[in-house]
Asks: 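What follows is a structure written as structure tokens; I'll ask about it next.
Note on naming: letters A, B, ... go to the chains in the order of the sequence lines (proteins, then strands), and numbering restarts at 1 for each one.
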Amino acid sequence: MKVSNFFFNTLREAPSDAALKSHIYLLRGGFIKQSSTGIYSIMPIGLRVLRKIEDIIRTEMNEVGGLEMDLPLVQTAELWSESGRYQIIGEELLRFKDRTGHPMVLAMTHEEAVTDLVRSVLSSYKQLPFMLYQFKIKYRDEARARGGLIRVREFIMKDAYSFHSTQEDLDQYYQRVYDAYVRIFRRVGIEPVVVQSDTGIMGGKVAHEFMLDTPNGEDYLILCNHCGLQANREIATFARKPYQGKDLPLEKVATPSKQSIEEVSTFLGIPAEATAKCVFFDVDGKLVTALVPGHLEISEVKLRNLLKAKLLVPADDALIRKSGMIPGYGSPIGCTQTRVIIDEALASAKDVVVGANEEGFHYAHCVPARDFTPGYEVADLAQADSGCGCPSCGKDLTSTRGIELGNIFKLGTKFSESMGAKFLDESSKQQPAIMGCYGIGVGRLMASVIEQSHDDWGPIWPKSIAPFQVLVVSLAKDEPVMQAADKLYKDLQDAGVDVLYDDRPERAGVKFKDADLWGIPCRISVGAKGLAEGKVEWKLRKQKDFELISLQEIVDKTLGWITE
RNA sequence: CGGAGUGUAGCUCAGUCUGGCUAGAGCGCCUGGUUUGGGACCAGGAAGUCGGGGGUUCGAAUCCCUCCACUCCGACCA
């Protein structure tokens with residue numbers, strides 16, 4: 001491809017609404033154009049990167065026996081009612097009516113569609129197992145798209161679905177996909193952090209997320225640097241260090257207008273760990289009171305999973321007071337009208353400060369096991385944080401942020417059961433297929449590679465997914481230089497190299513700046529000086545300096561570099 | 001959905017507070033010339049419903065009302 005024939009633009013300055021490096025360089029290099037919030041057009045050079053990422057994923061999916069197919073983007077509401085998700089999922093699912101007034105949705109994921117497809121074909125265990133996958137537009141009506149391609153509304157996802165006759169078969173296959181995922185991310189230049197994750201509205205029990213470790217990530221990860229345990233903070237378990245004070249009788253203390261943990265602990269001169277944080281939730285219209293040690297946060301995901309709640313939101317004052325609790329001074333002591341759940345750490349804590357359920361008063365020296373009457377439940381409720389104990393080795397955990405690149409779920413029979421994707425087993429018994437599902441956001445992956453690989457001048461693509469592997473630049477308009485550059489371009493093309501040729505009559509500086517913004521990993525410059533000695537300049541994007549290579553050797557050197 | 005902010009040329013922005021000539025600059029783009037190794041220079045040129053609507057006023061990019069779009073933080077997130 002010649003640049004003079006290419007449709008592109010590069011920006012000297014970054015648009016002011018881009019904050020992340022990946023967003024800035026995708027815009028400046030002309031890879032993408034924003035159409036509206038979270039919706040982007042992909043320019044030719046950007047599509048070349050996306051396609052190369054897709055090819056890598058496709059190869060690895062085929063490697064584990066995947067079969068590529070294509071499912072509809074527009075689906076009927078009935079399909080989503082069958083699984084129950086039409087009712088459960090909120091506004092993120094875009095609903096609309098077709099011309100006949102029939103309720104429809106834009107698919108945000110394809111479990112329903114694939115299960116519908118499979119149930120129409122599946123009848124016997126002899127057909128199992130198999131895995132179907134696709135690269136498909138998803139639409140999610142995100143409350144807040146952000147960060148360029150990191151979080152968008154419309155995006156291409158590789159989604160894959162496997163079907164099995166036994167749990168063992170799924171377990172085994174799940175591990176194969178896990179390994180394939182690690183290979184995929186390594187091939188695009190990312191060493192993923194794999195964490196245990198919540199299964200959310202997908203149902204199922206086991207799930208992993210493949211994350212890019214970066215301060216710009218929107219997920220929080222809990223890691224143990226000693227034993228290697230890794231989990232999403234939403235579900236990370238940890239070893240408690242319950243506060244152990246003195247054995248003293250409960251004592252009511254005045255804490256006038258001190259409501260927050262910080263205010264109370266400062267006022268009483270005690271550490272935050274020596275308090276109990278009392279948080280109220282509205283769970284399907286009923287008040288649930290949850291308590292964690294004062295220095296920790298509640299994990300709403302843990303609570304939601306525990307309660308199997310559909311809707312869990314912070315309770316408003318009216319609901320709290322109606323149930324006999326006082327906001328800011330709440331505690332389970334003497335409370336009878338709400339369900340009380342306390343974190344494991346509090347169950348064995350001693351001498352903590354809790355609310356007195358009375359405006360302006362707290363209780364000191366509380367021993368929950370002794371004083372929380374009439375009753376309570378104990379659960380893993382608190383969100384792990386750096387400094388908490390590792391649940392397997394006991395050492396301190398650390399916290400970091402990450403971008404979720406892909407995930408894998410053991411779905412089980414959630415969809416096959418509710419939608420009737422069943423088969424006859426060896427003993428002629430009807431069984432629901434056991435499913436797994438596996439996703440990767442392609443555009444997000446492209447952006448993540450830049451997040452991890454760039455310098456002050458632009459992205460640095462690994463050659464596996466670069467828009468072109470090699471860029472040939474002519475540095476002068478005079479005939480000998482142009483002819484030599486033309487010939488080199490043709491020679492490289494003939495040798496099968498994926499090459500872009502900057503044949504524009506621009507100054508060298510302009511071409512070099514564009515080359516950096518395109519991030520093409522190898523640049524070969526043809527100039528008058530070098531040509532006088534029969535040489536051209538060879539420079540890798542990630543290196544500072546170039547070396548002179550003779551025209552006779554340059555094609556072989558390039559081929560050698562490509563197959564390195 | 002809460003909080004904060006921004007909307008003037010393709011991009012970056014000035015002008016708005018304190019209303020007043022024909023709405024500006026740099027970059028980019030077009031024409032001609034001069035240049036030619038890290039975003040050159042000179043001359044000329046095209047390009048704007050000042051986000052939309054309504055209002056106040058002799059007069060609105062500027063003041064008021066309202067709607068919209070976009071960004072960031074938070075909530076939410078298969």
Side-chain angles (χ1 to χ4, degrees), chain A residues 9-20 23-24 27-28 30 33-39 80 83 85 88-93 105-114 136 138-148 150-153 155 157 159-161 197-204 207 209 216 218-219 232 234 300-301 304 311-314 404 406-409 411 414-415 437-441 444 456-458 473-478 481-482 502 504-517 523 525-531 536-537 539 544-546:
Chain A
N9 77 329
T10 47
L11 299 176
R12 185 181 293 225
E13 288 172 282
S16 57
D17 48 11
L20 297 185
H23 192 189
I24 289 170
L27 289 169
R28 286 193 59 196
K33 288 280 180 192
Q34 181 164 10
S35 172
S36 86
T37 302
I39 300 179
W80 285 70
S83 68
R85 293 207 291 188
I88 291 169
I89 297 177
E91 293 181 297
E92 202 177 43
L93 179 64
V105 306
L106 279 191
M108 55 191 287
T109 173
H110 282 80
E111 283 76 21
E112 282 81 0
V114 77
K136 189 72 183 182
K138 313 284 182 212
Y139 184 84
R140 294 182 188 176
D141 216 16
E142 289 286 349
R144 190 182 155 216
R146 69 189 93 176
I150 297 299
R151 185 164 205 82
V152 291
R153 293 194 289 176
F155 59 100
M157 169 176 268
D159 49 326
Y161 307 89
S197 73
D198 182 44
T199 52
I201 70 169
M202 298 294 293
E209 289 168 340
N216 293 322
E218 45 186 7
D219 284 291
N232 193 308
E234 291 177 334
E300 291 192 22
V301 170
R304 183 179 298 125
L311 197 65
L312 182 145
V313 292
E404 183 186 346
N407 53 31
I408 56 178
F409 286 90
L411 278 182
K414 177 183 163 75
F415 292 92
C437 77
Y438 319 93
I440 294 177
R444 180 185 279 186
D456 290 344
W457 299 274
V473 180
S474 63
L475 291 180
K477 279 186 286 187
D478 53 291
V481 171
M482 288 302 287
D502 195 344
R504 293 174 297 170
E506 290 287 351
R507 298 167 63 85
V510 173
K511 292 184 171 186
F512 289 154
K513 291 291 184 192
D514 280 346
D516 290 341
L517 281 172
R523 187 184 87 196
S525 308
V526 182
K529 274 186 229 161
L531 214 52
V536 293
E537 292 161 22
K539 178 186 173 298
K544 239 193 161 103
D545 302 311
F546 63 80

Asks: Which whole-number value in Å describes the distance from A/E91 CD to B/C76 P?
Replies: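 These atoms are roughly 15 Å apart.
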Asks: Round to the nearest Å and state the distance from A/M482 atom CE to B/G37 atom C1'.
Replies: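 About 16 Å, once rounded to whole Å.
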Asks: Rounded to the nearest 0.5 Å, how far does NZ of A/K138 lie from CG of A/L106?
Replies: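 Taking CG in A/L106 and NZ in A/K138, the distance rounds to 12.0 Å.
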Asks: Output all residues satisfying salt bridge (charged side-chain N to carboxylate O under 4.0 Å, His left out) with A/R523, sequence neighbours left out; order by chain, then residue number.
Replies: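 Per chain and number, A/R523 pairs via salt bridge (charged side-chain N to carboxylate O under 4.0 Å, His left out) with no residue.
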Asks: For A/E234 and B/C76, give me the distance from atom CD to atom C1', rounded to whole Å.
Replies: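 Whole-Å distance recorded here is 11 Å.
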Asks: One pair to check against salt bridge (Lys or Arg N to Asp or Glu O under 4.0 Å): A/K414 and A/E111. What are the steps and the verdict?
Replies: CA-CA 10 Å; A/K414 177 183 163 75; A/E111 283 76 21; over 6 Å; no
Asks: What's the CH2-C1' distance between A/W457 and B/G38, to the nearest Å?
Replies: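 Interatomic distance, CH2 of A/W457 to C1' of B/G38: 10 Å.
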Asks: Between B/G48 and B/U6, how far is it from one P atom to the other, in whole Å?
Replies: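 Per the computed distance, 26 Å lies between those P atoms.
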Asks: Starting at atom NZ of A/K477, determine the distance to atom C1' of B/G37, rounded to an integer number of angstrom.
Replies: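 Result: 14 Å.
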Asks: Counting Watson-Crick and G-U wobble pairs only, both distances under 3.5 Å, name the nucleotide matched with B/C29, or none.
Replies: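 For B/C29, the partner nucleotide comes out as B/G45, under the 3.5 Å rule.
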Asks: Taking B/G7 as the reference, what is the distance to B/U35 when you measure between their P atoms (whole Å, please)?
Replies: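 Those two atoms are separated by 44 Å.
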Asks: Taking any strand in view, what nucleotide pairs with B/G59 in a Watson-Crick or G-U wobble way, both distances under 3.5 Å?
Replies: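 Its partner is none (no Watson-Crick or G-U wobble pair with both distances under 3.5 Å).
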Asks: Which residues pass the side-chain contact (heavy atoms from CB on, under 4.5 Å) test with A/E234, sequence neighbours left out?
Replies: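 In terms of side-chain contact (heavy atoms from CB on, under 4.5 Å), with neighbours along the sequence ignored, A/E234 is linked to A/D198, A/N232, A/V301.
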Asks: Taking only residues two or more places apart in sequence, or in another chain, which ones meet A/R504 in a salt bridge (charged side-chain N to carboxylate O under 4.0 Å, His left out)?
Replies: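 For A/R504, the residues satisfying salt bridge (charged side-chain N to carboxylate O under 4.0 Å, His left out) (neighbours in sequence not counted) are A/D502, A/D514.
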Asks: If you assign A/V301 and A/G530 each to the RNA chain B nucleotide with the nearest heavy atom, which residue ends up on the more 5' nucleotide?
Replies: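 The 5'-side residue here is A/G530.
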Asks: Please measure how far the C1' atom in B/U8 lies from the corresponding atom in B/G51, and state the result in whole Å.
Replies: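 After rounding to an integer number of Å, I get 10 Å for this pair.
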Asks: I want to confirm an ordering. Mapping A/K33 and A/F155 to their closest nucleotides on RNA chain B, which one lands closer to the 5' end?
Replies: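 The answer here is A/K33.
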Asks: Across all strands, who's sitting opposite B/A69 as a Watson-Crick or G-U wobble pair, both distances under 3.5 Å?
Replies: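 Partner of B/A69: B/U6.
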Asks: Roughly how many Å is it from CD1 in A/I88 to P in B/C76, rounded to a whole number?
Replies: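 Distance check: A/I88 CD1 to B/C76 P gives 18 Å.
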Asks: Just call it for A/K138: base, sugar-phosphate, or nothing, with non-hydrogen atoms closer than 4.0 Å on any strand.
Replies: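 If one applies the 4.0 Å heavy-atom cut-off, A/K138 turns out to touch nothing in the nucleic acid.
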Asks: Let's test this: given Watson-Crick or G-U wobble pairing with both distances under 3.5 Å, identify the partner of B/C1.
Replies: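 Partner of B/C1: B/G74.
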Asks: Output the rounded distance in Å from CD (A/E92) to P (B/C1).
Replies: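 In whole Å, B/C1 P lies 15 Å from A/E92 CD.
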Asks: Check for a donor-acceptor pair, side chain of A/R28 on one end and backbone N or O of A/G458 on the other, with a separation under 3.5 Å.
Replies: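 Looks like no, no N/O pair under 3.5 Å.
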Asks: Suppose we screen for side-chain contact (heavy atoms from CB on, under 4.5 Å). Which residues come up paired with A/V152, at least two apart in sequence or across chains?
Replies: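 With sequence neighbours excluded, A/V152 shows a side-chain contact (heavy atoms from CB on, under 4.5 Å) to A/Y40, A/L149, A/F155, given in chain and number order.
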Asks: Between protein and nucleotides 39-45 of chain B, what N or O pairs are separated by less than 3.5 Å?
Replies:
from  : atom 1 : to     : atom 2 : distance (Å)
B/G39 : O2'    : A/R12  : NH1    : 2.5
B/G39 : O2'    : A/R12  : NH2    : 2.4
B/G39 : N1     : A/D514 : OD1    : 3.2
B/A40 : OP2    : A/R507 : NE     : 3.4

Asks: Expressed in whole Å, how much space separates the C1' atoms belonging to B/A9 and B/A23?
Replies: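 Looking at atom C1' only, B/A9 and B/A23 are 11 Å apart.
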Asks: Which letter, B, S or -, goes with each nucleotide of nucleotides 68-74 of chain B from 5' to 3', with contact meaning a protein heavy atom under 4.0 Å?
Replies: --SSSBB
Asks: Can you list everything that forms a salt bridge (charged side-chain N to carboxylate O under 4.0 Å, His left out) with A/E142? Sequence neighbours excluded, please.
Replies: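 Salt bridge (charged side-chain N to carboxylate O under 4.0 Å, His left out) check on A/E142 returns A/R151.
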Asks: Rounding to an integer number of angstrom, what distance separates B/G10 and B/U49 when you compare their P atoms?
Replies: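 It comes out at 8 Å once rounded to the nearest Å.
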Asks: How far, in whole Å, is B/G53 from B/A61 if one measures between their C1' atoms?
Replies: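 My reading of the C1' atoms in B/A61 and B/G53 gives 16 Å.
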Asks: P atom, B/A43 versus B/C64: distance in rounded Å?
Replies: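 Pairwise P distance, B/A43 against B/C64, rounds to 42 Å.
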Asks: Taking the C1' atom of each, how far is B/G54 from B/C68, in whole Å?
Replies: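 That atom pair is separated by 14 Å.
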Asks: Could you work out, with salt bridge (charged side-chain N to carboxylate O under 4.0 Å, His left out) as the rule, every residue matching A/E112, not counting sequence neighbours?
Replies: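 With sequence neighbours excluded, A/E112 shows a salt bridge (charged side-chain N to carboxylate O under 4.0 Å, His left out) to A/R85, given in chain and number order.
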Asks: Name all residues meeting the side-chain hydrogen bond (donor to acceptor under 3.5 Å, both in side chains) criterion together with A/S36; count only those two or more places apart in sequence or in a different chain, and write none if there are none.
Replies: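 For A/S36, the residues satisfying side-chain hydrogen bond (donor to acceptor under 3.5 Å, both in side chains) (neighbours in sequence not counted) are A/R153.
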Asks: Counting only Watson-Crick pairs (N1-N3 plus N6-O4 or O6-N4) and G-U wobbles (N1-O2, O6-N3), all under 3.5 Å, who is the partner of B/G39?
Replies: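 The base-pairing partner of B/G39, which may sit in any strand shown, does not exist here.
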Asks: Taking any strand in view, what nucleotide pairs with B/U16 in a Watson-Crick or G-U wobble way, both distances under 3.5 Å?
Replies: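 Pairing partner: none.
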Asks: Would you mind classifying the nucleic acid contact of A/E404 as base, sugar-phosphate or nothing, using non-hydrogen atoms under 4.0 angstrom?
Replies: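 No contact.
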Asks: Round to a whole Å and report the spacing from CG of A/L27 to P of B/G10.
Replies: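 In whole Å, B/G10 P and A/L27 CG are 16 Å from each other.
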Asks: Heavy atoms under 4.0 Å, any strand shown: does A/E13 hit a base, just sugar-phosphate, or nothing?
Replies: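 Answer is base: heavy atoms of A/E13 come under 4.0 Å of a base.
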Asks: For A/L475 versus A/G527, what's the shortest heavy-atom pair and its separation?
Replies: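 Heavy-atom minimum between the residues: CB-CA, 4.0 Å.
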